[in-house]
Amino acid sequence: MKEAGMSLIVKRITKITVSLIFLYGVYIVLHGHITPGGGFAGGVIIALSFIHLVLAFGKEAALKRLNETAVSAIESLGGLLFWGIALLGLLGGVFFLNILPKGRIFHLFSSGTIVLCNIAIFLKVGAGLFAIFIALAAMRMPAEKKEGKK
Amino acid sequence: MIELHIVLVLMIIGAVVATEINDLLSSVIALGAVGFGLTLEFLLLRAPDLAITQLVVEILSVIILIRATIGTKICCDPIKTRAAYFVFAALFTGAFLAFSYRALAQLPAFGSPIMKMGAQYIQEAAAKTGAANIVSSVILDFRAYDTLGEATILFTSVIGVLAVLRLAGRNK
């Protein structure tokens, strides 16, 4: 019985790097209104950190941390949050109006709803792309087993 | 601007290799080279936002494509080419170039925008939104409605992939 995933070296290095990749994604998202980047790029980086886990440790180990139901829930939550921010603008009279206080430029807590939009898009993109990858990887597993039996 | 053209020529070579080569994995890698060339182009044109997004999406798509193609026995039969194909291809390409030469001469020069909206955004974005990153302030504040549409497209595509590839309910 072969162990799931790749060799010991890959697993060891993955344990070190995966949290750094995750942290970098969070940085890109939270600083999206100050430095280049934003919700989309940060979401893809976070999805990549989970894909890194799937490739190194196999599908089961990664899904133990974040299962498919949770991924669907997080993606829907991101979409609803973005809609909520859009409807929040209606309080000021216009769809998508930036009604929160703007704060001082170049500071982390600035630019009103843009930070919240970044977080919503990050949840949506990260969970959505990871769901697509799980679907593609899960599709392949039974097919490989069948080929092996033949 | 010479470096832009060098990268562009490399990208075209990569695209031709990707379509012409017989091995599927080599084709995917050539496609990845085209994408990373595009990242370099965005960096040379000083668009770091686009460069970051293009880079991470390219890595993701190359991983997914390699995961999908590696170990598969799928191979494309080499297409039989005839002389008539080349004649028709040359005719259509020639006609396209002849018309596009006249059309492209009418466009404004590279890097000189014709729309006045951009200048307005650059002047007022920092004061109106409080965001130092003007790209962010445009896509999430001034043009947030477009971003909502993009988010809907992504949501729909995820639903489509999950519905097509689902394991539950599949006949064994």
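Protein chains get the first letters and strands the later ones, always in sequence-line order, with residue 1 at the start of each. Every value quoted in this text rests on a predicted model; they were computed, and no experiment measured them.
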- Item | Engaged part of A:Ile114 at the chain B interface, taking heavy atoms whose separation is under 4.5 Å |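 It is both, since atoms from each part get that close.
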
- Query: Which bit of A:Val125 comes within less than 4.5 Å of chain B, counting heavy atoms only: side chain, backbone, both or neither?
  - Reply: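 For A:Val125, backbone and side chain are both near chain B.
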
- Item | In one Ile/Leu/Val/Met/Phe/Trp/Tyr side-chain cluster, 4.5 Å: A:Phe122, A:Leu23 |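 No; A:Leu23 is not reachable from A:Phe122 via cluster members.
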
Under a 4.5 Å cut-off applied to non-hydrogen side-chain atoms, are [X] and [Y] in contact?
X: A:Val71; Y: A:Phe50; result: no
X: B:Arg143; Y: B:Tyr121; result: yes
X: A:Ile46; Y: A:Val26; result: yes
X: B:Leu140; Y: B:Thr147; result: yes

- Quick one: of A:Gly78, A:Cys117, A:Ala47, who has the most non-hydrogen atom pairs under 4.5 Å with chain B?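 Of the options given, most contacts go to A:Cys117.
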
- Query: When only pairs under 4.5 Å are counted, which of A:Asn118, A:Leu55, A:Thr113 shares the most heavy-atom pairs with chain B?
  - Reply: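 Between A:Asn118, A:Leu55, A:Thr113, the count favours A:Asn118.
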
- Message: What residues of residues 82-90 of chain A make heavy-atom contacts with chain B at a cutoff under 4.5 angstrom?
- Response: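 If one takes a 4.5 Å heavy-atom cut-off, the residues of residues 82-90 of chain A near chain B are A:Phe82, A:Trp83.
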
- Positions in residues 45-64 of chain B that reach chain A, provided some heavy atom is under 4.5 Å away: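 Near chain A, by residue number: B:Pro48, B:Asp49, B:Ile52, B:Thr53, B:Val56, B:Val57, B:Ile59, B:Leu60, B:Ile63, B:Ile64.
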
- Message: If we check side chain to side chain contact (heavy atoms under 4.5 Å, CB included) with A:Glu75, which of these qualifies: B:Leu162, B:Ile159, B:Val158?
- Response: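 It is B:Val158; the other options fail the test.
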
- Gap between atom NZ of A:Lys15 and atom CG of A:Leu53 - 0.5 Å precision: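 So the CG of A:Leu53 and the NZ of A:Lys15 are separated by 11.0 Å.
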
- Message: Nearest 0.5 angstrom please: B:Leu148 CG to B:Thr152 OG1, how far?
- Response: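 Rounded to the nearest 0.5 Å, the CG-OG1 separation comes to 4.5 Å.
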
- Message: Surrounding CG of B:Leu91 (heavy atoms of other residues, nucleotides or ligands, distance under 6.0 Å), is the total greater than 12?
- Response: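 Enclosed.
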
- Message: Below 4.5 Å, heavy-atom pairs only: which of B:Ile139, B:Val161, B:Val135 has the largest tally toward chain A?
- Response: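 When all of B:Ile139, B:Val161, B:Val135 are compared, B:Val161 has the most.
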
- Most heavy-atom pairs under 4.5 angstrom with chain A, which of B:Ser157, B:Ala132, B:Ser137?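 The candidate making the most pairs under 4.5 Å is B:Ala132.
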
- Query: A:Thr35: what forms a side chain to side chain donor-acceptor pair (under 3.5 Å) with it, not counting sequence neighbours?
  - Reply: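 By the side chain to side chain donor-acceptor pair (under 3.5 Å) rule, A:Thr35 matches no residue at all.
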
- salt bridge (Lys or Arg N to Asp or Glu O under 4.0 Å) partners for B:Glu150, two or more places apart: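 Partners of B:Glu150 under the salt bridge (Lys or Arg N to Asp or Glu O under 4.0 Å) test: none.
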
- Message: For the backbone of A:Ile21 and the side chain of A:Ser49, can you confirm whether one donor and one acceptor N or O come within less than 3.5 Å of each other?
- Response: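 A pair under 3.5 Å: no.
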
